[in-house]
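Right, one structure below, let's go through it.
Just so it is clear: chains get the letters A, B, ... in the order the sequence lines come, proteins before strands, and each one is counted from 1.
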Number of protein chains: 2
Amino acid sequence: MFRFVVRYKLVFLYAASLVLILVLLNVLQYKLLLINHSYEFYMLCIAVLFAVLGGWLALKLVKPKTVLVETKRLVSELTPTDLQQLEQERQQLNLSSRELEVLQLMARGLSNQEIADQLFLSLPTIKTHSSRLFEKLEVKRRTQAVEKGRQLRLID
Amino acid sequence: MFRFVVRYKLVFLYAASLVLILVLLNVLQYKLLLINHSYEFYMLCIAVLFAVLGGWLALKLVKPKTVLVETKRLVSELTPTDLQQLEQERQQLNLSSRELEVLQLMARGLSNQEIADQLFLSLPTIKTHSSRLFEKLEVKRRTQAVEKGRQLRLID
DNA sequence: AGCAAAATCATACTTTGGTATGAATGAGTT
DNA sequence: AACTCATTCATACCAAAGTATGATTTTGCT
């Protein structure tokens, strides 16, 4: 039971905060007697607020649906030996899935903030991911990372 | 259906806990504070309804994350028509030779300072060139410029 | 159940990138 | 000769990128 609470504490936290806001609205309602009878307004506020919060929460909590998309690749020039070597290099890099994901969004020209928004993560998180990525790829800048990622066929 | 419930269990859990807490609050209010609660109940219903609705909508509307899967498939070369169109686009961009030069060094991952050193120019000069370049390519960042330059076959 | 790696977030800081504005120079054109 | 355009450089300022460090949480694996 306790573990349950700990595990889903975010859920309870959100619920609690929502309740708090609701209570606050109620208090305000009783303090500001002027608009005592404009209940519709409060309801509208609450409806919008909760709709937005609900939406945000849902996006936060639910892992995004993944759709597999086949990418067309020109592999004609590379010999099987080359491909094998590339595969080996890729494995030696030992990139995590997140790092790879970040790299691919980088290659499309997204800023760190945009990547964070896209993946529903915070900006610092993206920064740490990219820092690790640069270390592993032994590069200094994102443009170099993209270049190297392209050479290793991690992108496109 | 069952899968759906399992997959989004957090959301349902959130909604359920929200309802529970709100109802509890209502009861407490009724018992302790003796506040007229007919409107509150209405608002609670609306809040819960819209929270769930917002969550549902968000889940419905969110774009599925696309995961690129490599397929080693041979892709036909560009048709002459495509090449012609690319050439036309390139000409319409009206890039100066310096701008093109800067773009190509960018694509290799060089920093502005490094580009300046390479071309025996000053840093401000490179900055103005790159600014113009971004304008003409209608992009905001160097990574986007590289991406667009690649699409237009200005690089490689 | 417990551990190691991955992932997340934060804060503070430095560096690089990008914009705005202005200005000087030289090459080629009308 | 006047004009346009590309090129060069400068200064100042704001935004984004990247580093360092530390902490917490998930998660995959034994």
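To the nearest angstrom, P of D:dA6 lies 13 Å from CG of B:L93. In this structure, the CG atom of B:L133 is 10 Å from the P atom of C:dT19, given to the nearest Å. Rounded to an integer number of Å, the gap from B:Q113 CD to D:dC9 P is 12 Å. B:Q144 has its CD atom 13 Å from the C1' atom of C:dG18, to the nearest Å. Atom P of nucleotide D:dT7 and atom CD1 of B:I126 are separated by 11 Å, given to the nearest angstrom.
Of the charged side-chain nitrogens involved, none lies within less than 4.0 Å of a carboxylate oxygen, so that B:R132 and B:E135 do not count as a salt-bridged pair. Using a 4.0 Å cut-off between charged nitrogen and carboxylate oxygen, A:E147 and A:K140 do not count as a salt-bridge pair. Comment: B:R141 engages A:E114 in a salt bridge, judged by a side-chain N to carboxylate O separation of less than 4.0 angstrom.
Comparing D:dT8, C:dC9, D:dA17 by their closest approach to the side chain of A:P124 singles out C:dC9. Counting only heavy atoms from C-beta on, A:S131 has its side chain closest to D:dG18 among C:dC9, D:dA10, D:dG18. Listed nucleotides: C:dC9, D:dT8, C:dG18. Nearest to the side chain of B:K127: C:dG18. In this structure, the nucleotide among C:dG17, D:dA6, D:dA17 sitting nearest to the side chain of B:N112 is C:dG17. Distances from the side chain of B:F134 to the nucleotides C:dT8, C:dC9, C:dT19 place C:dT19 closest.
For C:dA7, the OP1/OP2 oxygens have no side-chain nitrogen or oxygen of A:H129 closer than 4.0 Å. Between B:S96 and the phosphate of D:dT7, there is a side-chain N or O to OP1/OP2 separation shorter than 4.0 Å. Taking 4.0 angstrom as the limit, B:R98 places a side-chain polar atom (N or O) nearer than this to OP1 or OP2 of D:dT8. Considering only side-chain N and O atoms, A:R142 lies under 4.0 angstrom from the phosphate OP1 or OP2 of D:dA17. The phosphate of C:dG22 (OP1 or OP2) has no side-chain N or O of B:T128 nearer than 4.0 angstrom.
Looking at heavy-atom distances under 4.0 Å, B:S122 makes contact with sugar-phosphate atoms alone, never a base. No engagement by A:L123 is indicated, since no non-hydrogen atom pair under 4.0 Å with the nucleic acid exists. Contacts of A:S111 with the nucleic acid, taken as non-hydrogen atoms under 4.0 Å apart, involve only primed sugar atoms and P, OP1 or OP2. Among the atoms of the strands shown, none is found under 4.0 Å from any heavy atom of B:S130. Using a 4.0 Å heavy-atom criterion, one finds that B:R132 contacts the bases of the nucleic acid, with or without backbone contacts as well.
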Applying side-chain hydrogen bond (donor to acceptor under 3.5 Å, both in side chains), run through B:Q91 and B:E87 and close with a yes or a no.
CA-CA 6 Å; B:Q91 284 183 3; B:E87 181 53 35; 3.2 Å; yes
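Positionally, the nearest nucleotide of DNA chain D for B:L121 lies more toward the 5' end than for the other of B:L121 and B:R141.
Of the inter-residue distances, the one linking A:Q144 atom CD with A:L137 atom CG reads 10.0 Å to the nearest 0.5 angstrom.
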